[in-house]
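To start, the structure under review is shown below, and the notes come after it.
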Protein chains: 2
Amino acid sequence: MPLRVELMRQGGQTGNSRPLYLQIRDKLIERIRSWQWRPGEPIPTEPKLAEQYGVGHGTARQAVGELENEKLVVRIQGAGTFVFQHTPKNVMSRFFSFFDTAHGRIKPGSRRATVVVAKANAQERRELDLDARARVIRINRVRTRRDRPFMIEAISVPESLFRGLADSEDIPDTLYDLYQRSHRIHVLRTEDHVTAVAADRAAARTLGVRTGMPLLKIESVAFAIGDERVEFRVSLCHLDKAYYLAQHK
Amino acid sequence: MPLRVELMRQGGQTGNSRPLYLQIRDKLIERIRSWQWRPGEPIPTEPKLAEQYGVGHGTARQAVGELENEKLVVRIQGAGTFVFQHTPKNVMSRFFSFFDTAHGRIKPGSRRATVVVAKANAQERRELDLDARARVIRINRVRTRRDRPFMIEAISVPESLFRGLADSEDIPDTLYDLYQRSHRIHVLRTEDHVTAVAADRAAARTLGVRTGMPLLKIESVAFAIGDERVEFRVSLCHLDKAYYLAQHK
DNA sequence: CAGTGGTCTAGACCACGTG
DNA sequence: ACGTGGTCTAGACCACTGC
């Protein structure tokens, strides 16, 4: 028996007349967020969604179009509509915005990753919206470029959302695909606060530069479905013949 | 007599079957680019566009929707659809991405603007796609924050696109609205290359910091309709309790 | 109140991917 | 060949703006 859902029609006297396609959008997002449809899996076809929700196919289509704009699904003509799946490749191209002046996007390596669990400090609590007693998992590592260190990353995530992450054998180059695969956390966007700082003694030694050398400092928060803050990251970069790319539209 | 335009219908045997709504989108963009419809002015209503191009209203609507996504027009329900108009306010919020750690977006002032015309150097020719003999207009100025210098801007634009700009009485705080108003150049996006550098003697003196102080350096190219490169800008910023914001989606 | 853009429907056909 | 998403049509009604 086909599932049917009641929606607030425009004619309703409640004044609660959010457009049908947005109400359906919300329900579809919830079905993705709740893991009913998993990354890489097809969602029902547009005619089926139209039938399930008792609307015309144009309206169902409009709802799916919203999900597509928010990059929650990918439509492939002739094949179907699939829940967006983070992969190392697309995570890199979407969220890793460091480029070599001559040779395109930097393909970073990784070194010396350490993982610890601790009580969240004030900055972590603020950036991740945590309460005073919350704990975080901290990942520290050095990223390399042509096998030489160029960036120090200090990553903090709420322990409550990432149970088990601290026990991981090793930390892969890209995390957002891991977050999605293993922790059902679907990162949709990041916000980077960028400044320039002088290398302190420790950073200088790690990066192989002189103390006082100008470094790019990026404080970044990642947001998941529902604009939930799920990761705080501080990166210190020594950019030699390289740059950080930002676009404004 | 109503204007009629011939479009390539899908049935056409040429194999040239670009969707109607995209063909119409192109024609609408051209009418905006050519100044037939000016910034702030309404474009024809959707029923009129449908009639002009001999398509259903849904198709005309889809074409206008594309323009809206590209921020070339603004739709206002009940009123009409208007060519997007840059204003100091919206230029700031869209393209000036410097924030005070405590108090939101920085509202910069401006000092000591100088304007000169010269032969384009190698970097300008590369960034602006100019040939060897091309000339540029260079604007140099110091931007202030709470009345103190915090950023040095060196702006270069092709003389061929900005005739008369060099004779301007004074340079306003925001340029993209001026470019649109006085030179018919509609900036749609910018691409920023960000690095950290040490302040040299001149920069340090201008910004009131010690030589060697880490500064944010931003090399930015502005693109207009048709992805034409229309401005190259180098900014040197001393960010004290402030940051540059970038978002990735 | 007339006219604008916004939502919704139903149906037709096209382009494409898969089996 | 079939089923998917993509395009296009025609018509109805709603929500909003401005006269």
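Quick caveat: nothing in here was measured; it's all calculated off a predicted structure. Below, chain A is the first sequence line, B the second, and so on; all start at residue 1.
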Between [options], which nucleotide gets closest to the side-chain atoms of [X]?
{"X": "B:Arg61", "options": "C:dA15, C:dG6, D:dT9", "answer": "C:dG6"}
{"X": "B:His57", "options": "C:dG11, C:dG6, D:dG11", "answer": "D:dG11"}
{"X": "A:Tyr21", "options": "D:dC8, C:dT7, D:dG5", "answer": "C:dT7"}

(message) I'd like to know if A:Glu30 pairs up with A:Lys27 as an ion pair, taking the criterion as any Lys NZ or Arg NE/NH1/NH2 lying under 4.0 Å from an Asp or Glu carboxylate oxygen.
(response)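 So A:Glu30 does not pair with A:Lys27 through a salt bridge.
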
(request) State which residues pass ring-ring contact (aromatic ring centres under 6.0 Å, His included) with B:Phe96; sequence neighbours excluded, sorted by chain then number. (result)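 Partners of B:Phe96 under the ring-ring contact (aromatic ring centres under 6.0 Å, His included) test: B:Phe98.
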
(message) Can you list everything that forms a ring-ring contact (aromatic ring centres under 6.0 Å, His included) with B:His183? Sequence neighbours excluded, please.
(response) B:Phe162

Figure out the [atom1]/[atom2] separation between [X] and [N], and round it to whole Å.
{"X": "A:Arg75", "N": "C:dC16", "atom1": "CZ", "atom2": "P", "result": "16 Å"}
{"X": "A:Arg25", "N": "C:dT7", "atom1": "CZ", "atom2": "C1'", "result": "16 Å"}
{"X": "A:Glu66", "N": "C:dT7", "atom1": "CD", "atom2": "C1'", "result": "12 Å"}
{"X": "A:Ile24", "N": "C:dT7", "atom1": "CD1", "atom2": "P", "result": "13 Å"}
{"X": "B:Arg18", "N": "C:dA15", "atom1": "CZ", "atom2": "P", "result": "15 Å"}
{"X": "A:Glu51", "N": "C:dA10", "atom1": "CD", "atom2": "C1'", "result": "15 Å"}
{"X": "A:Leu49", "N": "D:dT4", "atom1": "CG", "atom2": "P", "result": "11 Å"}
{"X": "A:Gln62", "N": "D:dC14", "atom1": "CD", "atom2": "C1'", "result": "14 Å"}

(message) Both conditions, 6.0 Å and 45 degrees, for the charged tip of B:Arg94 above the ring of B:Phe84: are they met here?
(response)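 So B:Arg94 does make the cation-pi contact.
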
(message) For C:dT7 and A:Thr59 - does any side-chain N or O of the residue sit under 4.0 Å from the phosphate oxygens OP1/OP2?
(response) no

(request) Using the side chain to side chain donor-acceptor pair (under 3.5 Å) rule, pick out the option among A:His186, A:His86, A:Arg38, A:Gln85 that qualifies with A:Gln180. (result) A:His186

(message) Using the side chain to side chain donor-acceptor pair (under 3.5 Å) definition, which of the options B:Lys107, B:Arg105, B:Arg145 pairs with B:Asp100?
(response)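 Only one option passes, and that is B:Arg145.
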
(request) Please step through salt bridge (Lys or Arg N to Asp or Glu O under 4.0 Å) for the pair B:Arg25 and B:Glu70, ending with a clear verdict. (result) CA-CA 11 Å; B:Arg25 177 206 88 122; B:Glu70 301 172 42; 2.6 Å; yes

Detail all sub-3.5 Å separations between protein N/O atoms and N/O atoms belonging to nucleotides 2-4 of chain C.
unit_1 : atom_1 : unit_2  : atom_2 : d
C:dG3  : N2     : B:Gly78 : O      : 2.9
C:dT4  : O2     : B:Gly78 : N      : 3.1

